[in-house]
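All residue numbers in this chain count up from 1 along the given sequence. Computed from heavy atoms alone, side chains included, the values below leave out hydrogens, waters and symmetry copies.
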Amino acid sequence: MNGSDFQRKNVPNLTSKLRSDIVSAPTTIRNASGINLFGKRIKSIIYTMDVAVIANCNADAVLAVYPWTPNTKILNAIATVSNVPILAGIGGGLTKGLRSATVGFFAEENGAQAVVLNAPTTLDTINSVKRVVDVPIIYTVVNQSVDLQERIQAGVKAFNIAGGKQTAQLVSWVRQQIEPFAPNFPIIASGGKTAASIQQTIDAGANAITFTAYGMTEAVFQRKMELYRQQNN
């Protein structure tokens, strides 16, 4: 093995004692092609609203969506701690129209590099958001009942696919539907809990993968507390 081969296959790791418990993305996500977002290649996207996890993870981006009305204070808190691009949820269901557009404008002004609209979003809301933001609009697809071409024509720049256990199949369907008019359209999708499901989603056509961090703060804290107890015995 020559020097250049060694450098390509062996990636040096730099860390510190205080940051040894960083939340890491599943390694299988590296197999994805990625999406270039303002010059930064995005493959792994952590889906969490836990600011402690956001501040201590190695994901390429943060998917900041949640089931309540978008709140500018919450977005500001995430922007304060995040070291990576934020894909900010701005509603689309109960929160829509001018309110979604206003939250989208705030999100962009506070550093969000994309805004995310959920599945019930109407074309009118997409148009309202498009008029006030410059960052990409991401639309969430949850089933096969949506007119994808219509959303793209309205200004959607990427799809976020969340089909539960059927996500890989939904990704494949979306790829087939948009191939004639948008063959290289960016697709983000949830990868599931296993390396096999993540790879299946990538193989189906997803460019970037979201992964969750449910209970991660509690799990790390529990592990550290157990270590502290052992040290004090």
Residues in side chain to side chain donor-acceptor pair (under 3.5 Å) with T201, at least two apart?
none
Non-hydrogen atoms of A119 and V142 that approach each other most closely:
CB-CG2, 3.7 Å
How close do A112 and A88 get, heavy atom to heavy atom, and via which atoms?
CB-CB, 3.9 Å
How long is the span from the CG atom in L87 to the OH atom in Y47, to the nearest 0.5 Å?
12.5 Å
Are L123 and Y139 connected, step by step, through hydrophobic side chains (Ile, Leu, Val, Met, Phe, Trp, Tyr) whose heavy atoms are closer than 4.5 Å?
yes
Within the 4.5 Å heavy-atom criterion, are N56 and V53 side-chain neighbours or not?
no
Side-chain touch N76/T72, heavy atoms, less than 4.5 angstrom:
no
Is there a side chain to side chain contact (heavy atoms under 4.5 Å, CB included) between I46 and V23? Walk through the geometry before answering.
CA-CA 10 Å; I46 192 166; V23 177; 4.3 Å; yes
Does one side chain, of S145 or N143, offer a donor that lies under 3.5 Å from an acceptor on the other?
yes
Supply the atom-to-atom distance Q153 CD to L148 CG, rounded to the nearest 0.5 angstrom.
11.0 Å
Closest non-hydrogen contact found for V115 with A107 is CG1-CB, 4.3 Å
D134 backbone acceptor or donor facing E108 side chain under 3.5 Å:
yes
Starting at NZ of K130, measure out to NZ of K157 and round the result to the nearest 0.5 Å.
6.5 Å
Are there more than 12 heavy atoms of other residues, nucleotides or ligands under 6.0 Å from atom CZ of R175?
yes
Do the side chains of I161 and I188 get nearer than 4.5 Å, heavy atoms only?
no
With sequence neighbours left out, write down each residue that passes side chain to side chain donor-acceptor pair (under 3.5 Å) with S82, or none if nothing qualifies.
none
Kindly work out whether a path of hydrophobic side-chain contacts (I/L/V/M/F/W/Y, heavy atoms less than 4.5 Å apart) joins L98 to L94.
no
Can you confirm whether more than 12 heavy atoms, excluding those of K96, are under 6.0 Å from its NZ atom?
no
Kindly give the heavy-atom pair with the smallest separation between I90 and T95, and that separation in Å.
O-CG2, 4.1 Å
Looking at OG of S33 and CD1 of I187, how far apart are the two atoms once the value is rounded to the nearest 0.5 Å?
10.0 Å
From S24 OG over to F211 CZ, what is the distance, rounded to the nearest 0.5 angstrom?
8.0 Å
Kindly indicate, with the supporting measurements, whether the criterion side chain to side chain contact (heavy atoms under 4.5 Å, CB included) is fulfilled by I126 and L117.
CA-CA 8 Å; I126 294 173; L117 289 166; 4.0 Å; yes
I45 vs V62 side-chain heavy atoms within contact, under 4.5 Å
no
Quick check against the 3.5 Å criterion: does D60 have a side-chain atom that pairs as donor or acceptor with the backbone of S44?
yes
Is T167 close to Q169 at the side-chain level, that is, under 4.5 Å between some pair of heavy atoms?
no
Is there a donor-acceptor pair under 3.5 Å between the side chain of N36 and the backbone N or O of G39?
no
So do the side chains of M49 and I78 get within less than 4.5 Å of each other, counting heavy atoms only?
yes
Evaluate R151 against V146 for side chain to side chain contact (heavy atoms under 4.5 Å, CB included), listing each step before the verdict.
CA-CA 8 Å; R151 265 59 181 179; V146 62; 3.6 Å; yes
Determine whether N160 and V141 satisfy the following criterion, side chain to side chain contact (heavy atoms under 4.5 Å, CB included), listing intermediate values before the conclusion.
CA-CA 6 Å; N160 170 45; V141 178; over 6 Å; no
Taking every heavy atom of R30 against every heavy atom of K43, the minimum-distance pair comes out as O-NZ, 2.9 Å
To the nearest 0.5 Å, tell me how far I209 CD1 sits from Q199 CD.
9.0 Å
For the residue pair P85 and L37, what are the closest heavy atoms and their distance?
CB-CD2, 4.3 Å
Answer yes or no: does atom CD1 of I22 have more than 12 heavy-atom neighbours from other residues, nucleotides or ligands under 6.0 Å?
yes
Is there side-chain contact between I74 and W68, with at least one heavy-atom pair below 4.5 Å?
no
Apply side-chain hydrogen bond (donor to acceptor under 3.5 Å, both in side chains) to residues T125 and S128 and explain how you reach the verdict.
CA-CA 5 Å; T125 294; S128 295; 5.7 Å; no
Ring pair (Phe, Tyr, Trp, His ring centres under 6.0 Å) with F185: which residues, sequence neighbours excluded?
F159
